[in-house]
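Throughout, numbering of the chain's residues begins at 1 and tracks the sequence.
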Amino acid sequence: MPLSWNDIRVRAISFSKDWKDTHCEKSESQSFYNAFFKVFGRRRRDVAVYEEKVKKLNVKTGYIDLFWPGHLIVEQKSSGRSLKKAREQATDYFLALKEEEKPRFILLSDFQTFELLDLEEDKEYHFKLSELSENIKLFDFVAGYQPQKYQDQDPVNIEASELMSHLHQKLEESGYEGADLEHLLVRVMFCLFADDTGIFDPDIFLRYIEDHTKEDGSDLGPHLVHLFEILDTESNKRSKTLDEDLAVFPYVNGELFSGTTRIPSFNREMRDALLKCCYFNWSKVSPALFGSLFQTVILPEEQRQGGAHYTSERNILKVIRPLFLDDLRAEFIKIKSDKSTQRKKKLARFHERLAGLNFFDPACGCGNFLILSYRELRLLEIEILEELYPVKKSSKVLNIDHLSKIDVDQFYGIEIEEFPVRIAEAAMWLVDHQMNMKLSDTFGEVFVRLPLEKSAHIHHANALTMDWTIVLPSENCDYILGNPPFVGSKFMSKKQRSELLTIFNGKKGAGILDYVTSWYGKAAQYIRNTQIKVAFVSTNSISQGEQVSVLWGALFNQYGVSIHFAHRTFKWTIDEKKAKGMRIASVFVVIIGFAPNDTDNKYIFEYESLTSDPHQVKGKNVNPYLIDGPDILIKSRSKPISDSPMIRFGNQPIDGGHLILSLEEKKEALKIEPDIDSFIRPFLGSRELINGGRRYCLWLKDAKPQKIRSSKFITNRLEKVKEFRLASDREATKDLAKSPSLFGFTSHKESTYIAIPSVSSERREYIPISFFDASVICSNLCLIIPGANKFHFGVLTSAIHMSWVRYVCGRLKSDYRYSNQLVYNNFPWPDINEKVKKDIAVKADAVLKVRDQYPESTLADLYDPNTMPPALLKAHHTLDKVVDKAYRKTAFKDEKERIKFLFEFYQKITEPLILPDKKKRRKTHAK
């Protein structure tokens with residue numbers, strides 16, 4: 001075991017005194033570093049060599065003063081000599097070494113000063129010999145400590161999950177499955193961590209398997225089950241004749257090892273798979289991330305059906321920091337900087353308050369949100385304890401067993417699958433141990449919570465049908481957080497839809513809501529008349545499109561909630577290359593924090609791109625569209641709120657493809673029957689509108705019956721249309737078989753019209769729209785505005801209309817889904833005179849004329865941000881300025897200003913929805 005940090009610190013002080021102010025020549029470096037390594041309880045000769053011969057890249061031979069392969073190069077100079085030369089020499093030696101020998105650290109010294117270079121972290125540390133004790137933890141690798149890192153997407157977490165996945169696969173293939181397999185794997189996972197993190201004596205689990213089980217694996221199963229019984233038995237109740245290699249295992253308790261499981265039958269391959277897990281260094285694995293990765297590898301299909309997604313540490317922190325961590329840290333800093341005599345009392349009260357907080361994740365999966373919340377709370381607690389009991393100023397040895405007041409039993413969760421429940425329980429204990437080790441490192445005393453007396457309250461249940469107050473009474477809860485399942489409205493099972501509709505209790509329109517909104521509704525009910533704060537990760541669909549008015553209408557009007565903060569849309573994902581083919585979340589999400597009371601501190605986290613880091617903006621109000629604006633809810637309307645032409649869907653054939661012709665089919669038909677040319681019209685969908693290409697349709701509206709009957713080609717096609725419609729399960733489609741010559745839905749007018757694609761890429765600055773004459777039939781994949789003119793075209797293709805689209809429309813993945821009833825009919829057109837309209841029309845015509853200069857280019861070519869002609873972009877920007885000015889004289893600074901203006905303008909010209917009076921909502925007060 002490594003020496004405690006207290007012992008190392010004392011030895012460092014003594015070492016510094018012994019060598020302080022001595023003028024040493026380089027020849028004395030061997031004695032110096034022998035003494036240096038003794039500070040850490042190590043013998044230098046066991047790990048490092050002097051004068052290691054190295055052939056440098058310039059072919060010359062050199063000698064490293066002290067070399068510890070894979071860890072450290074030391075270049076020493078005589079007292080008072082410049083270390084610049086030492087740095088150059090060390091760099092030359094480093095470059096000349098084999099890859100596996102290259103160290104992480106380079107230490108440069110002249111006996112009185114140190115320069116430590118951390119090549120992995122790209123950091124440098126400079127300090128004097130007299131300051132060694134204060135910088136001693138920089139040399140944790142010398143002492144034998146393994147620094148814990150929680151880097152996002154750390155490959156070590158993925159490697160660990162793959163090792164466990166392989167073991168799981170081998171056990172499952174042998175017929176060992178179900179709850180027994182899940183319990184076995186969680187217990188094994190605990191033992192692997194325990195072996196490498198100080199819960200057990202180092203490697204006793206590994207040695208027991210190697211020394212006490214046969215290489216063919218035939219007796220491994222009974223040995224494991226027996227070991228688990230020992231871990232669940234108090235030391236004074238164990239057999240007096242117990243094998244000494246079993247007796248050294250501590251009593252764990254916590255019900256982790258209680259209960260029996262079937263004895264697995266191992267073979268040689270399965271034993272090897274377990275040993276590979278044992279050989280891995282589990283001290284570097286984050287319990288918070290490993291659990292999710294483990295589950296993702298093992299249960300991909302179950303996760304996909306349930307809507308669960310792996311979440312990275314970086315993204316989890318986006319939830320917990322604004323929900324509670326930032327506020328708690330700000331409060332700590334304020335108390336820490338207090339110069340009054342009450343400072344320590346305030347710190348102690350703050351510490352007590354942290355110990356009284358309760359956290360609840362009602363869709364906790366493997367517990368990663370709870371685990372990271374616990375870890376961050378414990379790290380904050382350690383900082384508090386350092387202020388209350390400063391190590392450097394105290395000569396007393398502290399009993400740290402009772403210093404920590406925060407424990408895992410402050411954390412609650414509900415999870416529908418049993419296996420993740422078991423992982424979450426074990427992972428909470430493991431992160432607790434990691435934090436206890438960090439506390440031990442800080443105060444130089446070992447602190448291990450064994451036997452386990454407390455545990456997180458993780459319930460195996462359906463969160464949507466369970467009464468949450470059974471898990472945690474709402475008056476005792478402080479924060480709710482998590483990442484409920486991502487299942488779109490159209491992909492829910494009957495059971496999931498029933499759960500959602502029950503929660504929203506007949507709310508009109510609830511059928512369009514995504515599954516994740518069930519947790520919003522359930523949370524809103526639970527937090528009523530409390531000060532609980534909530535933050536959920538959700539698909540971005542709940543803050544755009546038609547779901548907004550349904551969900552937030554209920555949350556505002558029925559429960560009086562207020563949005564406190566929000567992360568606007570970003571991509572929730574990890575590096576799939578590092579995940580080596582694992583199914584990792586890649587969805588577009590928002591994070592919304594809300595409470596049953598109002599607050600003056602509201603924030604929006606905005607993203608320049610879907611994968612960039614956010615920047616925080618303070619706002620007066622965060623509305624359901626996640627902008628700083630009034631709490632308006634935009635509902636679908638059948639007619640425009642402004643004086644604008646009616647918009648409608650294009651024409652829908654419902655024909656099995658028999659009324660549609662390719663260019664080749666058209667040519668073949670006209671070769672045989674040239675007289676039917678007048679019945680064949682160009683047919684345009686969103687693909688043809690944007691990407692070009694030609695299709696045609698049989699357009700027989702108002703055609704004379706004898707003309708239709710005289711064409712064998714047409715009658716054959718119509719017969720197939722009739723057969724297709726009659727074969728449908730829908731009565732309405734069967735009824736259409738009575739008129740096979742007509743489209744199933746017809747909206748075409750014999751006039752010029754504007755066509756807008758129903759779905760368009762978000763990459764484009766402007767949605768590509770265009771005019772078409774009456775000869776072109778537009779499909780239902782476009783929306784059409786018959787009789788529209790260039791003024792209408794100019795407004796619809798302007799920056800201000802695009803701002804409206806981006807915030808109000810629904811999305812297909814991240815693409816815009818343009819809606820007639822939600823986007824167009826609610827768009828507030830400018831109230832302007834004919835002169836201004838004409839000016840807009842002139843600028844719109846300039847856009848069309850530039851487009852005409854590229855007859856061979858499609859709209860996809862012209863509006864791709866990488867290939868858009870500069871002249872076209874300039875014409876659009878000129879048009880934007882004129883349209884902006886039609887709304888107000890002062891130019892808009894950016895899109896945020898545009899959309900805020902539009903929402904306020906919309907509110908003025910529509911009847912305001914009845915919302916709770918913001919002034920009557922209770923303000924948030926510190927607890």
Side-chain angles (χ1 to χ4, degrees), residues 362 464 468 474 480 484 489 497 499-536 538-566 590-600 602 604 619-638 641 807-808 810 821-822 825-826 900 902-924:
L464 299 185
W468 290 6
S474 58
I480 297 174
S489 177
R497 187 171 297 282
E499 291 165 355
L500 181 147
L501 294 176
T502 299
I503 288 168
F504 285 97
N505 193 26
K507 169 74 176 175
K508 185 179 179 182
I512 66 170
L513 295 175
D514 287 350
Y515 193 44
V516 69
T517 62
S518 303
W519 275 261
Y520 280 78
K522 191 91 171 175
Q525 296 164 12
Y526 177 79
I527 67 176
R528 193 159 34 179
N529 299 320
T530 72
Q531 290 190 6
I532 299 170
K533 295 180 180 179
V534 185
F536 286 141
S538 317
T539 44
N540 61 356
S541 53
I542 72 163
S543 62
Q544 55 193 218
E546 56 188 350
Q547 292 194 49
V548 175
S549 63
V550 178
L551 172 62
W552 293 100
L555 298 186
F556 284 164
N557 295 326
Q558 290 178 240
Y559 304 109
V561 307
S562 174
I563 299 176
H564 287 198
F565 71 88
V590 294
I591 298 169
I592 301 177
F594 61 96
N597 41 44
D598 207 358
T599 179
D600 292 327
K602 298 190 176 186
I604 299 173
K620 291 182 180 178
N621 186 62
V622 183
N623 77 9
Y625 298 91
L626 310 188
I627 68 163
D628 183 3
D631 280 336
I632 61 171
L633 302 173
I634 298 171
K635 295 183 177 181
S636 294
R637 296 175 183 270
S638 58
I641 63 170
Y807 281 82
V808 176
Q821 295 189 342
L822 194 68
N825 287 345
N826 281 299
K900 186 175 181 179
L902 284 175
F903 273 96
E904 290 170 351
F905 188 28
Y906 171 87
Q907 195 173 35
K908 285 180 183 178
I909 61 177
T910 60
E911 291 183 1
L913 293 167
I914 301 172
L915 295 175
D917 187 344
K918 278 300 191 80
K919 293 180 181 178
K920 293 181 181 179
R921 294 190 199 174
R922 293 179 295 116
K923 295 285 185 182
T924 299

field: Distance-only side-chain donor-acceptor flag, Asp514 / Gln547, under 3.5 Å
entry: yes
query: Are side-chain N/O atoms of Tyr520 and Ser538 paired as donor and acceptor at under 3.5 Å?
result: yes
task: List in chain and number order the residues that pass side-chain contact (heavy atoms from CB on, under 4.5 Å) with Ser474, two or more places apart in sequence or in another chain; answer none if no residue qualifies.
output: Tyr526, Thr530, Ile532
- prompt: Looking only at atom types and distance, does a side-chain atom of Asp628 sit under 3.5 Å from a main-chain N or O of Val622, one as donor and one as acceptor?
  reply: no
query: Is any side-chain heavy atom of Ser562 less than 4.5 Å from a side-chain heavy atom of Lys602?
result: yes
task: Can you measure from CD1 (Ile563) to CG (Asp631) and round to the nearest 0.5 angstrom?
output: 6.5 Å
message: Please check: side-chain N/O of Asn621 versus main-chain N/O of Gly629, any donor-acceptor pairing under 3.5 Å?
response: yes
message: Within this structure, what is the CD1-OG distance for the pair Ile512 and Ser541, rounded to the nearest 0.5 Å?
response: 10.0 Å
field: Atom pair CG (Leu551) and NZ (Lys507), whose distance is rounded to the nearest 0.5 Å
entry: 9.5 Å
message: Return the OG1 to NZ distance between Thr517 and Lys522, rounded to the nearest 0.5 Å.
response: 13.5 Å
- prompt: Between Phe903 and Tyr807, does the ring centre distance come in under 6.0 Å?
  reply: no
- request: First locate atom CH2 of Trp552, then atom OH of Tyr625, and finally report the distance between them rounded to the nearest 0.5 Å.
  value: 12.0 Å
Result of checking Ile542, Asn540, Ile592 against Leu626 for side-chain contact (heavy atoms from CB on, under 4.5 Å): Ile592
message: Return the CG to CD distance between Asn505 and Gln558, rounded to the nearest 0.5 Å.
response: 8.0 Å
- prompt: If we only count heavy atoms from C-beta on, is the Phe536 to Ile480 side-chain gap below 4.5 Å?
  reply: yes
query: Can any side-chain N or O of Arg497 pair as donor or acceptor with the backbone N or O of Gly511 at less than 3.5 Å?
result: yes
task: Could you check whether the rings of Trp519 and Tyr515 sit parallel, tilted or perpendicular, using 30° and 60° as the cut-offs?
output: perpendicular
